[in-house]
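Please find one structure pasted underneath; my questions will follow.
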There are 2 protein chains.
Amino acid sequence: MRDVSKLAGVSTMTVSRVLADPSIVAPDTRERVMRAVDQLGYVPDLVAGSLSSRRTNFVGLILPTLTNSNFADTAQGLAEALGQSYQLLIGYTLYRAGEEERLVRSLLARRPQGIVVAGTLHTASTRRMLLAAGIPVVEIWDAPGAPLDRAVGFSNFEAGRAAARHLLSLGHRRIVAIGSEADGDRRDARGEARLQGFAAVLREEGVETGLILRHGPAPVSYAHGAAAMKLLLRDMPDVEGVFAVSDGSAFGALMECRRQGIDVPGRISLMGFGDFEVGRECEPAISTIRVDAKGIGMKTGQLLRDLIDGRDAGAPQSIDLGIEVVPRGTTALPCRASVSNQAMQGSEP
Amino acid sequence: MRDVSKLAGVSTMTVSRVLADPSIVAPDTRERVMRAVDQLGYVPDLVAGSLSSRRTNFVGLILPTLTNSNFADTAQGLAEALGQSYQLLIGYTLYRAGEEERLVRSLLARRPQGIVVAGTLHTASTRRMLLAAGIPVVEIWDAPGAPLDRAVGFSNFEAGRAAARHLLSLGHRRIVAIGSEADGDRRDARGEARLQGFAAVLREEGVETGLILRHGPAPVSYAHGAAAMKLLLRDMPDVEGVFAVSDGSAFGALMECRRQGIDVPGRISLMGFGDFEVGRECEPAISTIRVDAKGIGMKTGQLLRDLIDGRDAGAPQSIDLGIEVVPRGTTALPCRASVSNQAMQGSEP
DNA sequence: CTGAAAGCGCTTACAG
DNA sequence: CTGAAAGCGCTTACAG
C-alpha cells in the first residue's frame with residue numbers, strides 16, 4: 001500500500017479510500033491510484049484491514065461432514081447467500097462433540113462475525129464460548145425450543161413421526177427404522193431424534209411389530225444402508241416397511257434388496273430422508289422426507305447478514321422450514337397373495 | 001490479552017509465550033497465566049497474531065464444486081493432512097474461469113501460506129497473481145507437463161484413453177463418450193481432456209463408429225447422465241459401449257437404461273470415472289476408472305507442509321498418482337443372439 | 001526466565 | 001477532497 005501511494009503520489013489514506021469507496025475521491029486522484037494498483041498488482045492485505053476495522057468478514061460454519069449431499073448443499077446455499085461479502089470458514093466434526101469444541105475455539109480465534117453450527121448438542125464449554133463470543137450464532141438442521149441464539153431448521157422428531165405414519169398409512173405393520181448407534185462422543189443426534197419420533201408413533205399406535213435398528217457409527221451412507229438391510233432381512237425376513245434416517249442409507253438398502261432379488265415396493269416399502277439427488281434419480285425413485293437443505297443455508301445467510309448489519313427487525317429466534325413427505329416409487333400399498341385371493345373369492349357369485 | 005496479563009500479574013509478552021510455547025516459561029508463572037486464561041475464557045486473536053507474525057496459518061482451496069463426492073473427498077483429505085496447523089479457506093468456481101480469478105484475488109487478500117487450485121486452466125491474471133503471491137501453489141486433479149509451481153494429480157487424457165481401450169478390448173465398436181459442453185467461460189477442462197483421450201484412441205484404432213457426445217454444461221451429475229443416455233438411445237439405439245466422464249453421470253445413465261428396460265451389461269457396457277461411492281454400492285456396481293481423490297488431498301497437504309516449512313527436499317514439480325481401470329458389473333463381453341446362434345449351429349453334427 | 005519497545009499493514013477519527 | 005496521528009492485538013527482536 002505504501003508502494004502504491006508513492007507511485008500515485010498520494011497518502012496511504014487516499015489509497016485506502018479508493019479501494020473502499022472510490023466515489024469519495026476526486027476522479028483524477030482516483031485514476032492515478034487505480035493505475036498504480038494495477039501496475040503493481042497490489043492486493044490489499046485483509047488481515048491488517050480486519051484487525052484495524054474490527055471486521056473480518058468471516059463467517060464460521062461447523063458441519064458433521066461435507067461428504068453428505070445435504071450438508072454440501074447447505075454449505076453452498078450459505079456461501080451463495082453471503083455472496084462476496086463474507087468468506088466461509090468451514091470445519092468438520094465427524095459427529096464428535098469434542099471435535100466441535102476444538103473447532104469452535106479455533107474458529108472463534110479468527111474472529112468471525114457470525115457462526116453457524118449444525119445441531120444443538122454442544123459441550124458446556126462450547127456453549128459458553130459461543131455465548132461469550134458476542135456474535136450471532138445460528139444452529140441449523142434442527143428446531144430447538146430454546147436455541148442458544150437463533151436456529152434455522154426443522155423438527156427431526158416430527159420427520160421420524162411422519163415416516164412412521166406414512167408407512168402405517170400404507171397398511172404396513174412390521175415396520176423398521178434404521179439409523180446409526182452412538183459410539184463414544186460420536187453421535188448423530190438429529191438422526192437419533194428421527195428414530196425417536198418413529199418409535200413414538202409405534203407406541204402411540206400400539207404397533208408392537210415395529211423395530212428400531214441402530215447399526216454402526218455415524219455418518220451413515222450407502223454402505224451402511226446395505227449392511228443394515230442385510231442384517232434386517234436375515235433377522236426379520238417378513239419385514240414390510242423400512243425407514244432409513246438418510247436417503248444415502250435408503251439407497252444402500254434398496255441396492256441390497258435388488259441383490260437379494262427382493263421386490264421394492266412389491267414386497268417391502270422403503271423410504272429415506274433428505275431428498276438426496278441419488279434418491280430422485282434412482283430407479284425406482286426413493287420415497288423420502290424432503291427438507292430444504294440449500295434453503296437452510298440460504299435462509300441462514302440472509303439472517304446472518306441482517307443480524308451483522310443490525311437489521312434484526314424482530315426476526316424470530318427459531319425458524320422452522322418444515323418437512324414434506326414425498327411418496328415416490330419405493331413405497332406402495334401391500335399387494336399380498338392372501339389379500340388378493342380373499343378379494344377374488346369375495347367377488348365370486 | 002491485556003486483561004489476562006493484568007490478572008496474572010505479568011507482561012503481555014509472558015502471556016504470549018505461555019500460549020505459544022509453555023515450556024519456555026517458569027512453571028509457577030505459567031500456572032498463574034493459565035489460570036487467568038481459563039478464568040477469563042480468553043481466546044487469542046489470530047487476526048492480530050497473523051499480522052504480527054506474518055503467518056496466517058491459512059491454506060486456500062479452490063474447487064469447481066463441493067457437490068461432487070470426488071472433490072469433497074479431496075477437501076477432506078487435505079483438511080486431514082493439514083491437521084490443526086492450518087485452516088482451510090474454500091471457494092467454489094462452478095467451473096468458471098472468471099469466478100476463479102475473483103476467488104484467487106479474494107483468497108490471496110487473506111494472505112494464505114499456500115494455495116491449492118483444481119486444474120491448470122487459468123486466466124492470465126490468475127496466473128500472474130498466483131505466481132506473484134510468493135507462496136507455494138499446487139494445481140490438483142491434473143498432471144501438467146509444466147505446472148505453475150507444483151501439481152498433484154493424474155492424466156485426464158490417459159484416463160479417457162484407458163476407458164476407450166477397455167471398451168474396445170471387450171469387443172465393442174459402437175462406443176460413445178458422454179460429457180459436458182463448454183458454455184461461455186464455464187467449462188470442465190478435465191472432463192474435456194478425458195473426452196479427447198477417448199477420441200484419440202478412436203482415431204488411432206480407426207474406429208469410425210465411435211462418438212463423442214457433449215451434453216449440457218458442467219458440472220455433470222446423475223440427471224446429466226440420464227438425459228444424455230436418453231438422447232443417445234434415441235439417436236443411436238444400437239450403441240454397444242458408453243463411457244461417462246464421471247461416475248455420477250454413469251449412474252444416471254444406468255438408471256435411464258433400467259427405466260427403458262435395457263440390460264446393462266447384457267446389451268450395453270457402461271463405464272464411468274472417479275470411483276464414486278454410488279458406483280461402488282450400486283447394483284450392478286459401475287465399472288470405473290479409479291483416481292485417489294482423498295489421496296490427492298492428503299498428498300497435497302503433506303507437500304504443502306513441507307514447502308511451507310522449507311523442507312522441500314527436492315520434491316518433484318508434478319506428482320502423478322496414476323489411474324486404474326476397475327472393471328465391475330456394468331461392462332462385459334458382448335453376448336449377441338446372432339453370435340450364440342452361430343455357435344449353436346456350428347456345434348451341430 | 002521476563003519485559004519494554006517497535007512494528008505488522010491497514011482503518012478510524014479527526015483536522016484542515 | 002486529502003492527510004497526519006493513533007491504534008487494532010498481537011509477535012519479533014532485543015536487552016537484562
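In what follows, chains carry the letters A, B, and so on, assigned in the order in which the sequence lines appear, proteins first and then strands, with residues in each chain numbered from 1. Quick caveat: nothing in here was measured; it's all calculated off a predicted structure.
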State the CD-OG1 distance between A:Gln87 and A:Thr56, to the nearest 0.5 angstrom.
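OG1 of A:Thr56 is found 10.5 Å from CD of A:Gln87.
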
DNA chain C in dot-bracket, Watson-Crick or G-U pairs under 3.5 Å, [ ] crossing, | other strand?
|||.||||||||.|||

Closest approach of B:Asp320 and B:Phe154, non-hydrogen atoms and distance?
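Shortest heavy-atom separation between B:Asp320 and B:Phe154 comes out as OD1-CA, 3.3 Å.
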
I'd like to know if the side chain of A:Thr67 pairs up with that of B:Gln76 as donor and acceptor (distance under 3.5 Å, no hydrogens or angles considered).
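Side chains of A:Thr67 and B:Gln76: pair found under 3.5 Å.
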
Set of residues satisfying salt bridge (Lys or Arg N to Asp or Glu O under 4.0 Å) with respect to B:Asp45, sequence neighbours excluded
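Partners of B:Asp45 under the salt bridge (Lys or Arg N to Asp or Glu O under 4.0 Å) test: A:Arg54, A:Arg111.
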
Between A:Ser52 and A:Ala48 (side chain of the first, backbone of the second, donor and acceptor by atom type, cut-off under 3.5 Å), is there such a pair?
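Absent.
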
Backbone of A:Gly98 reached by a side-chain donor or acceptor of A:Asp185 within 3.5 Å
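Confirmed, A:Asp185 side chain pairs with A:Gly98 backbone.
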
Tell me whether B:Arg30 contacts the main-chain N or O of B:Val18 through its side chain, where contact means a donor paired with an acceptor under 3.5 Å.
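No; judged by distance alone, with no hydrogens or angles, the pair does not exist.
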
Nearest whole angstrom, please: distance from the P of D:dC1 to the CZ of A:Arg32.
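Rounded to the whole Å, the gap is 14 Å.
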
Which heavy atom of A:Leu121 sits nearest to which heavy atom of A:Glu100, and what is that distance?
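The pair with the smallest heavy-atom distance is O-OE1, 3.6 Å.
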
Is any side-chain N or O of B:Ser11 closer than 4.0 Å to OP1 or OP2 of C:dA4?
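Result: no.
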
Would you indicate, yes or no, if D:dC1 has its OP1 or OP2 atom less than 4.0 angstrom from a side-chain nitrogen or oxygen of A:Thr29?
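Checking D:dC1 against A:Thr29, no side-chain N or O comes under 4.0 Å of OP1 or OP2.
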
Whether each nucleotide of nucleotides 6-16 of chain C has a protein heavy atom under 4.0 Å at its base (B), only at its sugar-phosphate (S) or at neither (-) is summarised, 5' to 3', as -BBBBBBB---

